[in-house]
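The structure appears below as structure tokens.
We number each residue from 1, following the sequence as shown. Note that the structure is a prediction, hence the values are computed from the model and not measured.
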Amino acid sequence: MEVPPHAGDGAGDRAGAGSAGAAVRDYLLEQVSALHWAVADGDVHDARVACRRARSVLLAHADLVVAVHRRPLAEIAGRARDLGRDLSPARDAEVVEEVVRGWAAEESWPSARLDAALRLVRPAGARDVEAEDGALDGARTGLLGLADQVATLAASPVWGPAGAEPAVPGLRATRTRETARLDDRVQVARAIDADPAEHARWHDVRKAAKRLRYSAEVAHQAGDLEAGAQAASARRLQTALGDLQDLRLVGTRLDEVSASASDTTLARELAQQVERTSATARSDLTAALAETVDGRVGGSTGPITILAEDLT
């Protein structure tokens, strides 16, 4: 699939320096670089993040692109979604091990306990996550092809009048729209009293938080300090929900293996660890919602301190 050539009035313009389009273009080109590095390193997580960032930013900023280019933009975003989904099973296996390794690091487990825990949660025949180097082999061609498509679109004359506006004011409408989108999804999830650890409505909230975060990152990199605070708070909401959903994966895996586990005591202790850690994650989620959603509505929260890791 090629981006349509410049065809007069129906086509767009190239992004000028300091414009909203240039800010989006530069962010997309960062994801192109990230995809190449992820493929070279065999890093499933980084590949999925780059796909997700590219897709979210393309869709959130589609109104900056002239109409003739929106269909190829949507097709590229759809391909990014599909490639990310294809990598989900490999990433799920990584997540379970990463959670267990995280507990071990936090509590200074003896190596024997960590090895036993990993044997318990690892699917039969699976290799050590730290030694895994082939999970991206099947997706390599697709990911590099996606990188080429994103790079071509980003550098092409696709931007309309909105994309030519100065970056800070020009990107503000996108953040406002994505903020409302997140609010709507939170209200839907709360209205049905869904469990944040597993219900699809809270998964929608997490996706909306990511999209707001990435949109705010684009604006922050273009010089909007207010957007940096918003990116940080959206990241904390995304992380709290992600932690809960990751712990559900671990709990499900323990349910699958506990009946046949040779060490039932260890299986029981790990299940208790899931419960304790989930309680902490739920508390973090409550705080993140108060900051990200309720704080805007009720005006009850103070300034957000932006940490370096919040913008990585």
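At least one donor-acceptor pair under 3.5 Å links the side chain of Arg140 to the backbone N or O of Val39. Between the side chain of Arg14 and the backbone N or O of Ala155, at least one donor-acceptor pair lies under 3.5 Å. A donor-acceptor distance shorter than 3.5 angstrom exists from the side chain of Arg70 to the backbone of Val65, with no hydrogens or angles considered. Checking side-chain atoms of Thr292 against main-chain N and O of Ser233 turns up a donor-acceptor pair under 3.5 Å. At least one donor-acceptor pair under 3.5 Å links the side chain of Arg48 to the backbone N or O of Gly84. With hydrogens and angles disregarded, no donor-acceptor distance shorter than 3.5 Å links the side chain of His220 to the backbone of Ala216.
Comment: Glu226 engages Arg175 in a salt bridge, judged by a side-chain N to carboxylate O separation of less than 4.0 angstrom. We find that Asp195 and Arg282 are joined by a salt bridge, their nearest charged nitrogen and carboxylate oxygen being less than 4.0 Å apart. Ionic pairing of Glu198 and Arg248 is not present here: no N-O contact between side-chain nitrogen and carboxylate oxygen is shorter than 4.0 angstrom. Ionic pairing of Glu94 and Arg91 is present here: one or more N-O contacts between side-chain nitrogen and carboxylate oxygen are shorter than 4.0 angstrom. The residues Arg101 and Glu98 are annotated as not salt-bridged, no charged nitrogen and carboxylate oxygen being separated by less than 4.0 angstrom.
Every residue two or more places apart in sequence or in another chain was checked for a side chain to side chain donor-acceptor pair (under 3.5 Å) with Arg181, and none qualifies.
Smallest separation of non-hydrogen atoms from Gly145 and Arg79: C-NH1, 4.0 Å. Contact record, Leu247 with Val274: O-CG1, 3.8 Å, taken as the closest heavy-atom pair. Closest heavy-atom contact between Ala15 and Gly21: CB-C, 3.5 Å.
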request  = Just do the side-chain contact (heavy atoms from CB on, under 4.5 Å) check on Leu143 and Cys51 with the steps written out, would you?
outcome  = CA-CA 8 Å; Leu143 290 168; Cys51 286; 3.6 Å; yes

query = What do the steps show when you test Gln230 against Thr179 for side chain to side chain donor-acceptor pair (under 3.5 Å), and what is the final call?
reply = CA-CA 9 Å; Gln230 194 168 35; Thr179 297; 2.7 Å; yes

inquiry  = Please evaluate residues Asp115 and Arg122 with respect to the criterion salt bridge (Lys or Arg N to Asp or Glu O under 4.0 Å), reporting the C-alpha separation (whole Å), side-chain torsions for both, the decisive distance (0.1 Å), and the verdict.
reply    = CA-CA 10 Å; Asp115 291 344; Arg122 189 176 294 151; over 6 Å; no

task = Determine, stepwise, if the pair Gln149 / Glu75 fulfils side chain to side chain donor-acceptor pair (under 3.5 Å).
result = CA-CA 10 Å; Gln149 288 181 312; Glu75 290 175 356; over 6 Å; no

task = List the steps, then state whether side-chain contact (heavy atoms from CB on, under 4.5 Å) holds for Leu64 with Leu171.
result = CA-CA 9 Å; Leu64 304 185; Leu171 295 171; 4.0 Å; yes

key: Stepwise side-chain contact (heavy atoms from CB on, under 4.5 Å) test for Asp46 and Asp41   = CA-CA 9 Å; Asp46 285 356; Asp41 291 344; 5.8 Å; no

query = Yes or no on side-chain contact (heavy atoms from CB on, under 4.5 Å) for Ser19 and Glu165, after CA distance, side-chain angles and deciding distance?
reply = CA-CA 5 Å; Ser19 67; Glu165 293 183 14; over 6 Å; no

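Atom CZ of Arg113 has more than 12 neighbouring heavy atoms from other residues, nucleotides or ligands inside a 6.0 Å radius.
Residues Leu237 and Leu182 have side chains in contact (heavy-atom distance under 4.5 Å, counting atoms from C-beta outward).
The distance from atom CZ of Arg253 to atom CD of Glu97, rounded to the nearest 0.5 Å, is 10.0 Å.
Under the salt bridge (Lys or Arg N to Asp or Glu O under 4.0 Å) rule, Glu178 has a single partner from Lys207, Arg211, Arg172, which is Arg211.
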Please output the side-chain donor-acceptor pairs of residues 29-36 that fall under 3.5 Å, not counting sequence neighbours, one pair per line with the distance.
unit_1	atom_1	unit_2	atom_2	d
Gln31	NE2	Tyr27	O	3.1

